[in-house]
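Written below as structure tokens is the structure these notes are about.
The chains referred to below are lettered A, B, ... by the order of the sequence lines, with proteins before strands, and numbering in each begins at 1. Side-chain atoms are counted along with the backbone in the values below, which use heavy atoms only and exclude waters and symmetry mates.
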Protein chains: 2
Amino acid sequence: MAVTLYDVARAAGVSIATVSRVVHGQDRVRAATRHRVREAIEALGYVPDAAAQSMARQRKEIIGLVAVESRDPDTDVEQDGLLFIEEVLRGVEQALRPIGWSVLISVLISGGADAYRQLQRISAKVDGLLICEGIVDSEHLALLAARVPVVLIAGPAAEPSADVVTADNHGGTVTLVRHLISRHGARRFHYLAGPAEAPDANARRRAFEQAVADCPGAVVTASFQGRFAAISGQRAVRAMLGQELPDVIVCGNDQMAIGAIRELQAAGIRVPLDVAVTGFDDIHLSALLTPTLTTVRQPMRQLGERGCACLLDRIADPGRPRVSVELPTELIVRTSCGCLLPSCFYRAAHWCQGIW
Amino acid sequence: MAVTLYDVARAAGVSIATVSRVVHGQDRVRAATRHRVREAIEALGYVPDAAAQSMARQRKEIIGLVAVESRDPDTDVEQDGLLFIEEVLRGVEQALRPIGWSVLISVLISGGADAYRQLQRISAKVDGLLICEGIVDSEHLALLAARVPVVLIAGPAAEPSADVVTADNHGGTVTLVRHLISRHGARRFHYLAGPAEAPDANARRRAFEQAVADCPGAVVTASFQGRFAAISGQRAVRAMLGQELPDVIVCGNDQMAIGAIRELQAAGIRVPLDVAVTGFDDIHLSALLTPTLTTVRQPMRQLGERGCACLLDRIADPGRPRVSVELPTELIVRTSCGCLLPSCFYRAAHWCQGIW
DNA sequence: CTGTTAGCGCCTTCAC
DNA sequence: GTGAAGGCGCTAACAG
């Protein structure tokens with residue numbers, strides 16, 4: 001059906017070995033021959049079949065990028081999941097472009113044994129795996145890693161069978177909390193955590209608790225277990241309505257913060273006047289909301305790029321020592337924490353509330 | 001290196017054919033044998049190599065999803081490109097999940113001859129190609145389609161060598177313009193078009209012009225050639241500042257509308273009080289902006305799903321007649337056109353302007 | 001029921 | 001310089 005090496009060879013009157021040589025730019029071919037072969041290739045529109053190449057040279061030139069979406073039964077209609085992956089993908093593509101490799105993308109539904117099966121299937125199609133928000137248990141991970149190199153993005157730094165690239169969740173969170181305390185005099189904190197299985201969610205939560213504990217007078221008034229989705233933010237707010245408002249609701253990621261803000265506004269509570277809200281990640285949306293979101297920027301593009309570079313290194317040398325890198329985060333101060341509000345805002349807020 | 005069929009066969013004391021049979025769930029194997037083989041597979045952690053399978057059964061079970069980003073030299077720092085693809089990807093995954101196929105994703109930088117080379121390389125790794133915002137000329141497309149089935153998403157409906165799935169750009173635009181005219185009494189229109197090479201951009205533009213022409217008294221005061229990116233919206237607004245404002249700025253997509261709104265707000269012009277702005281696509285962001293964006297919803301998820309289904313059909317039967325489907329669009333009325341504004345808004349707007 | 005065997009398309013020594 | 005031949009891991013007849 002498709003044009004093969006043999007077709008080209010026949011058309012050019014040479015052997016397949018010769019065609020292969022010119023395809024790969026080897027110089028051990030007489031100029032005239034090479035020319036003839038090139039013409040045949042052009043005329044027939046020959047493109048070497050990737051599967052056959054993979055087979056022969058034991059390399060697919062494809063890396064797998066997979067995100068494990070953690071959902072509970074109620075949130076499976078959720079639409080806003082990929083925002084994280086998107087930036088990571090750009091970083092990965094950037095790292096792959098120079099060498100011409102491709103990326104196989106796939107978002108897994110759950111984190112169960114089924115997820116492992118799917119990962120296994122994917123592993124058969126790629127030279128290496130980049131797993132985001134690594135909600136895969138160590139045991140299964142080890143099994144996977146035995147088949148194919150694995151790099152975790154935003155995963156648990158201590159994973160023994162994979163390299164890991166993360167952001168400085170701890171430092172970012174601590175900086176944020178200190179800002180809230182020193183600049184805004186916040187004392188009463190509400191925390192909205194990400195899924196317990198997500199390592200970065202845990203890192204942030206722990207850092208938050210520690211930072212609050214480190215400040216005399218500051219207290220965690222309540223916390224809510226969310227799943228990194230906007231709906232979690234809405235639920236958390238619904239659950240706390242009626243109670244006394246905290247000074248700030250610190251959220252484990254931007255999506256939940258967005259959900260929280262919407263629900264607060266819907267309830268007629270003014271952000272940041274009545275309660276401040278903060279996020280984590282600095283997704284594209286965060287700068288465009290009303291109010292704009294104060295958050296901690298995680299260099300997602302870079303996470304993808306570094307993670308991919310790391311994976312390529314390991315593919316090239318599977319025996320090299322395990323690597324674990326942590327990229328810096330940055331506090332992004334906007335208005336949802338109460339900063340940057342011109343005085344006219346206070347008047348305007350009264351009128352605006354609940355309009356949009 | 002990796003575990004192969006032979007390893008399993010040896011371990012289980014059977015032939016590779018038998019192993020292959022149990023792997024594929026054939027029943028013509030004695031229960032005892034099957035059991036033994038299963039154990040060996042489990043013990044060794046065997047997963048069939050995809051490249052070898054592709055080779056043997058002439059099918060890779062991978063489809064390629066590619067977006068061609070059209071950029072001019074000034075916009076290559078742009079960050080907000082993938083928003084379209086993201087939803088499409090979800091649709092594609094949905095269509096592929098039941099059969100276990102994977103998607104190879106890749107966004108091409110330019111639309112030149114270089115893009116064709118890249119597409120060629122990708123075509124060698126997949127069973128079919130899904131091209132979004134098809135900025136590939138017919139000639140190259142025909143060459144590609146000769147190698148591998150191609151489906152265009154949001155591409156030119158008349159492309160002879162590929163199936164096409166689009167949204168009803170014409171109808172959506174006309175409905176929008178009529179709304180602006182009849183509900184808001186708009187007469188002076190400014191148009192912000194997408195890239196001339198993009199078929200959907202053209203369809204929208206033509207529909208817009210026709211709809212305006214159909215209304216006595218309505219005029220297009222000016223138009224601007226953008227590239228579907230937020231920065232285009234900003235530029236367009238800068239270019240029109242100082243001139244008399246139109247009633248509405250109709251934008252070829254949401255991203256440009258967002259850019260336009262931001263620039264207008266920065267210039268102290270109130271949206272929608274001083275000028276209305278509308279978009280097209282209804283990306284996730286649009287409902288969260290201030291003001292929320294009035295736009296035409298394009299069923300992006302469905303475009304991906306239908307496009308993929310169409311591609312699978314063609315892969316199954318390459319000879320079937322060409323197909324071209326058009327999905328319906330829907331006018332989404334929010335506040336940027338001037339609708340849904342409670343009276344208090346007018347007071348509030350005065351104070352709010354330019355704060356965020 | 002199970003084993004043998006011939007490819008799938010390409011790369012890569014090894015001879016010539 | 002160029003060609004012949006083996007093998008990559010698996011599938012799918014075809015024999016038993």
Side-chain angles (χ1 to χ4, degrees), chain A residues 1-38 40-41 44-62 100 120-127 147-148, chain B residues 1-38 40-41 44-62 100 120-121 123-127 147-148 315:
Chain A
M1 178 184 170
V3 182
T4 76
L5 211 48
Y6 291 89
D7 300 322
V8 178
R10 197 177 321 122
V14 297
S15 76
I16 61 167
T18 300
V19 178
S20 180
R21 288 188 184 106
V22 355
V23 166
H24 294 86
Q26 290 204 13
D27 38 340
R28 322 194 152 199
V29 179
R30 195 188 308 163
T33 312
R34 192 184 324 153
H35 189 68
R36 204 147 32 96
V37 172
R38 285 247 171 80
I41 289 178
L44 273 51
Y46 168 71
V47 179
D49 179 75
Q53 285 184 309
S54 310
M55 188 103 216
R57 58 163 83 140
Q58 302 286 50
R59 183 137 295 177
K60 305 180 170 57
E61 307 204 339
I62 298 180
Q120 241 184 190
R121 289 207 51 173
I122 296 173
S123 77
K125 296 182 175 176
V126 303
D127 292 321
R147 277 192 50 76
V148 65
Chain B
M1 178 182 171
V3 181
T4 75
L5 211 49
Y6 291 89
D7 300 322
V8 178
R10 196 176 323 121
V14 297
S15 77
I16 59 168
T18 301
V19 178
S20 180
R21 287 188 187 107
V22 354
V23 166
H24 294 85
Q26 290 205 11
D27 39 339
R28 321 195 152 199
V29 179
R30 196 189 308 164
T33 312
R34 193 187 322 153
H35 188 67
R36 202 145 35 96
V37 173
R38 285 247 170 81
I41 289 178
L44 273 52
Y46 168 72
V47 179
D49 181 74
Q53 286 183 311
S54 310
M55 190 101 214
R57 59 163 83 142
Q58 301 285 52
R59 183 137 297 176
K60 305 179 170 59
E61 307 205 337
I62 298 181
Q120 239 183 191
R121 288 207 50 174
S123 76
K125 296 182 175 176
V126 304
D127 292 321
R147 278 193 49 76
V148 66
I315 290 171

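Nearest heavy-atom pair across A:Asp7 and A:Thr4 is OD2-N, 2.8 Å. Minimum interatomic distance between A:Leu5 and A:Ser20 (heavy atoms only, all atoms of both residues): CD1-N, 4.2 Å.
Contact between the side-chain N/O atoms of B:Gln58 and the OP1/OP2 oxygens of D:dT11 is not found at any separation under 4.0 Å. Between A:Tyr6 and C:dC11, a side-chain N or O to OP1/OP2 separation shorter than 4.0 Å is absent. An OP1 or OP2 oxygen of C:dC11 is reached within less than 4.0 angstrom by a side-chain nitrogen or oxygen of A:Gln53. Residue A:Thr18 places none of its side-chain N or O atoms closer than 4.0 Å to OP1 or OP2 of D:dT2. Side-chain nitrogen and oxygen atoms of A:Ser54 include none within less than 4.0 Å of the OP1 or OP2 phosphate oxygen of C:dC10. For C:dG3, one of the phosphate oxygens OP1 or OP2 lies less than 4.0 angstrom from a side-chain nitrogen or oxygen of B:Ser15.
Remark: the A:Arg34 side chain and the D:dG1 base include no donor-acceptor N/O pair separated by less than 3.5 Å.
Distances were taken from every side-chain heavy atom of B:Ile16 (C-beta onward) to each of D:dT11, D:dA4, C:dC11; the shortest belongs to D:dT11. Among the nucleotides D:dA13, C:dG9, C:dC14, the one closest to the side chain of B:Arg21 is D:dA13. Considering only the side chain of A:Thr4, C:dC10 comes nearest among D:dC10, D:dG9, C:dC10. Side chain of A:Ser20, nearest nucleotide from C:dC10, C:dC11, C:dG3: C:dC11. The A:Ala52 side chain lies nearest to C:dG9 when the options are C:dT12, C:dG9, D:dT2. Of the candidates C:dC8, D:dC10, C:dC11, C:dC8 carries the atom nearest the B:Met55 side chain, counting heavy atoms from C-beta on. With D:dG3, D:dT11, C:dT2 as the candidates, the nucleotide lying closest to the side chain of B:Arg30 is C:dT2. For B:Arg28, counting side-chain heavy atoms from C-beta on, the closest listed nucleotide (C:dG9, C:dT2, C:dT12) is C:dT2. Taking only side-chain atoms of A:Val29, from C-beta outward, the nucleotide of D:dC14, C:dC8, D:dT2 with the closest atom is D:dT2.
We find that B:Asp49 and A:Lys60 are joined by a salt bridge, their nearest charged nitrogen and carboxylate oxygen being less than 4.0 Å apart.
Distance CG (B:Leu5) to P (D:dC8): 13 Å, rounded to an integer number of Å.
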